[in-house]
Visitor: 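Just passing along the structure, written as structure tokens.
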There are 2 protein chains.
Amino acid sequence: MKPKDERKIQQIFQATLKLVEANGLAGITMSEIAREAKIATGTLYIYFKNKEDLLNALFSQCRRSAVAIYFKGYKEEESFKTGFKKIWMNLLSHRMQHFSEAVFIEQCNHSPFITENLKEVSKQQIQPLFILMERGKKEHWIKNADTTLLLTHIVGAINNVARYSHYHRKPLKPAMVKLLFELCWDGIKG
Amino acid sequence: MKPKDERKIQQIFQATLKLVEANGLAGITMSEIAREAKIATGTLYIYFKNKEDLLNALFSQCRRSAVAIYFKGYKEEESFKTGFKKIWMNLLSHRMQHFSEAVFIEQCNHSPFITENLKEVSKQQIQPLFILMERGKKEHWIKNADTTLLLTHIVGAINNVARYSHYHRKPLKPAMVKLLFELCWDGIKG
DNA sequence: AACATAAGTGAATATCTATTCAGTTAAAAG
DNA sequence: CTTTTAACTGAATAGATATTCACTTATGTT
């Protein structure tokens, strides 16, 4: 049934991401996706059952790819601060280098297209980060606060900075990244 | 022409906000808005030229109301920390007590419905906060970093915490608010 | 090459949504 | 109370967009 030309699927995904970044989830149509991907609209329906199916598949891939980036090069045996900084950097890198994916994920979380189930599953993939933060508290590196609250604060700050940098075309220079990490670290440290 | 039954306009706005919070900007239709507001679809077009006009008017009102809340009770003559804490609290209160408006504003910023012009204008209304931050740097209360970057970090953290609290039905207890302010303050302080 | 199968196409159709308008009801004026 | 005006209604229309399908093109098999 469904052909598995991975190249074409990625072509469709890239087209969708580009359009969502430009026009928002509210603004995309199947024919636009097809045009952007340089295929016929009918072809979309060879690879995906319908629009909802396409968006869910893309959401799923974006989340998986995001999580892989978050933990790239992370080693549990390193010190808390080293590990935390690594993941913090990875989070920022992801938002900067895969901006359209980050936007897509965020918009999906407020959208009726993505099934609730898929939204939930995707959140459970960052367990190692929770574990690291718990360790940070035990070793008295950071404030003794609810882990989810800490992470929500941290991630929110990162997301917003990445958004700002993108929409205002202000690349983040190393000095700025260093400062941003300090804003975060000085905030959480115990 | 347009009648000015302010009560009915607010009814329409509230209905729209409710639906956007539930289904996202991508998911709303004029007939749903009308049903939610308990009026006929045709009536929407008595008060607004079209859908775009409705959303722009709502965006405009939401921004105005938001800015009013941010600076409520703020006095320039107070100390930096007092003033900053006041505005920080106001920001958080706004996101918590007017959550659907905050969601709407955020989604509009990634949407083709809202005119670029309106998006720009709305950003210039928070000048006093910029001025306060500049003062904070001069008086060596806070780190000497780009003001926009500082604010982007701070606001991103607040937004995300408010989102979390809402979607997970976890009210923010006073102790948590105190902690969140410390996360922010310890981060920026010089 | 001849055949069989899979992939791709895009105009045609079905579905959905914005917008209009002829008719109705409510409010205001005389 | 009658007339005039404004507000409102929701079914009908117009305009988009999702989805299908008869047909074409490409790929693989004998």
Side-chain angles (χ1 to χ4, degrees), chain A residues 1-60 104 107-108 110-115 118, chain B residues 1-60 104 107-108 110-115 118:
Chain A
M1 328 259 122
K2 272 193 195 177
K4 297 183 186 178
D5 184 343
E6 192 56 35
R7 181 144 340 146
K8 192 146 290 180
I9 290 175
Q10 292 311 318
Q11 213 172 309
I12 293 168
F13 281 172
Q14 288 313 310
T16 307
L17 289 173
K18 182 171 174 185
L19 291 170
V20 169
E21 183 186 333
N23 306 323
L25 208 48
I28 53 168
T29 69
M30 292 299 264
S31 55
E32 276 178 332
I33 293 172
R35 178 152 18 97
E36 181 71 37
K38 299 195 208 300
I39 57 176
T41 45
T43 309
L44 291 174
Y45 291 86
I46 296 171
Y47 289 87
F48 302 97
K49 204 168 96 234
N50 51 36
K51 187 178 182 179
E52 190 179 330
D53 184 43
L54 190 166
L55 294 176
N56 273 283
L58 177 53
F59 180 73
S60 188
F104 180 72
Q107 295 205 17
C108 282
H110 295 288
S111 133
F113 287 119
I114 304 301
T115 63
L118 194 48
Chain B
M1 327 255 126
K2 273 194 193 177
K4 294 181 188 180
D5 183 343
E6 194 54 36
R7 181 142 341 144
K8 193 147 289 180
I9 290 174
Q10 292 311 318
Q11 213 172 312
I12 294 169
F13 281 172
Q14 288 313 310
T16 307
L17 289 173
K18 183 172 173 184
L19 291 170
V20 170
E21 184 186 333
N23 306 323
L25 208 48
I28 53 168
T29 69
M30 292 300 263
S31 56
E32 276 178 332
I33 292 172
R35 179 150 19 97
E36 181 71 36
K38 298 196 208 305
I39 57 176
T41 44
T43 308
L44 291 175
Y45 291 86
I46 294 171
Y47 289 86
F48 303 97
K49 202 168 99 236
N50 52 36
K51 187 177 181 179
E52 189 178 330
D53 183 43
L54 191 165
L55 294 177
N56 273 283
L58 178 52
F59 180 73
S60 188
F104 180 72
Q107 295 205 19
C108 282
H110 296 290
S111 134
F113 287 119
I114 304 302
T115 63
L118 194 49

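Letters A, B, ... are given to chains in the order of the sequence lines, protein chains preceding strands, and every chain is numbered from 1.
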Visitor: Have a look at Tyr47(A) and say if it touches a base, only the backbone sugar-phosphate, or nothing, with a 4.0 Å heavy-atom cut-off.
Guide: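 Tyr47(A): backbone/sugar contact only, no base atoms under 4.0 Å.
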
Visitor: Whole angstroms only, please: what is the NZ-P distance between Lys51(B) and dA16(D)?
Guide: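 The answer, rounded to whole Å, is 13 Å.
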
Visitor: Output the rounded distance in Å from CD (Glu52(B)) to P (dA16(D)).
Guide: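 So the two atoms are 13 Å apart, to the nearest Å.
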
Visitor: Mind calculating the distance between CG (Leu54(B)) and P (dA18(C)) to the nearest angstrom?
Guide: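 The distance from CG of Leu54(B) to P of dA18(C) comes to 11 Å, rounded to the nearest Å.
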
Visitor: So which heavy atom on Gln11(B) is nearest to which on Ala37(B), and how close?
Guide: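 Shortest heavy-atom separation between Gln11(B) and Ala37(B) comes out as NE2-O, 2.8 Å.
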
Visitor: If I compare all heavy atoms of Ile28(B) with all of Lys51(B), which pair ends up nearest, and what's the gap?
Guide: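 Answer, listing the atom of Ile28(B) first, then Lys51(B): O-NZ, 3.1 Å.
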
Visitor: Check DNA chain D against residues 24-41 of chain B and give the residues with a non-hydrogen atom under 4.0 Å, in numerical order.
Guide: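 When residues 24-41 of chain B is checked for heavy atoms under 4.0 Å from DNA chain D, the hits, listed by number, are Ile39(B), Ala40(B), Thr41(B).
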
Visitor: Atom CG of Asp5(B) to atom C1' of dA26(C): distance rounded to whole Å?
Guide: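 So the CG-C1' distance, Asp5(B) to dA26(C), works out to 13 Å.
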
Visitor: For Tyr45(B) and Asn50(B), work out which heavy atoms get closest and say how close.
Guide: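 The answer is CE2-CA, 3.8 Å.
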
Visitor: Only one of Phe59(B), Phe48(B), Tyr47(B) clears ring pair (Phe, Tyr, Trp, His ring centres under 6.0 Å) with Phe13(B); which?
Guide: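 Of all the options given, the one that passes is Phe48(B).
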
Visitor: In whole angstroms, how far is the P atom of dC8(D) from the CD1 atom of Ile9(B)?
Guide: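 Checked: the CD1 to P distance equals 10 Å.
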
Visitor: Identify the heavy atoms of Met30(B) and Thr41(B) that sit nearest to each other, and give their distance.
Guide: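 Minimum heavy-atom separation between Met30(B) and Thr41(B): O-CG2, 4.1 Å.
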
Visitor: Nearest 0.5 Å, please: how far is NZ in Lys38(A) from CD1 in Ile12(A)?
Guide: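 Here the interatomic distance stands at 14.0 Å.
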
Visitor: Taking only the side-chain nitrogens and oxygens of Lys49(A), find out if one of them lies under 4.0 Å from OP1 or OP2 of dT19(D).
Guide: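 For dT19(D), OP1/OP2 do not have a side-chain N/O of Lys49(A) under 4.0 Å.
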
Visitor: In whole angstrom, give the distance that lies between atom CD1 of Ile46(A) and atom P of dT19(D).
Guide: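 After rounding, the reported distance stands at 15 Å.
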
Visitor: Verify the contact: side-chain N or O of Tyr45(A) to OP1 or OP2 of dT19(D), cut-off strictly under 4.0 Å; return yes or no.
Guide: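 Indeed, a polar side-chain atom of Tyr45(A) lies that close.
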
Visitor: Take atom CG of Leu44(A) and atom P of dT17(D), then tell me their distance rounded to the nearest Å.
Guide: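 Rounding to the nearest Å, CG of Leu44(A) and P of dT17(D) are 15 Å apart.
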
Visitor: Hey, could you give me each pair passing salt bridge (Lys or Arg N to Asp or Glu O under 4.0 Å) that has a residue in residues 6-15 of chain A? Not counting sequence neighbours.
Guide: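 Pairs touching residues 6-15 of chain A that pass the test: none.
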
Visitor: Taking atom P of dT17(D) as reference, at what distance in whole Å does atom CG of Asn23(A) sit?
Guide: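 Spelled out: CG on Asn23(A) to P on dT17(D) is 11 Å.
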
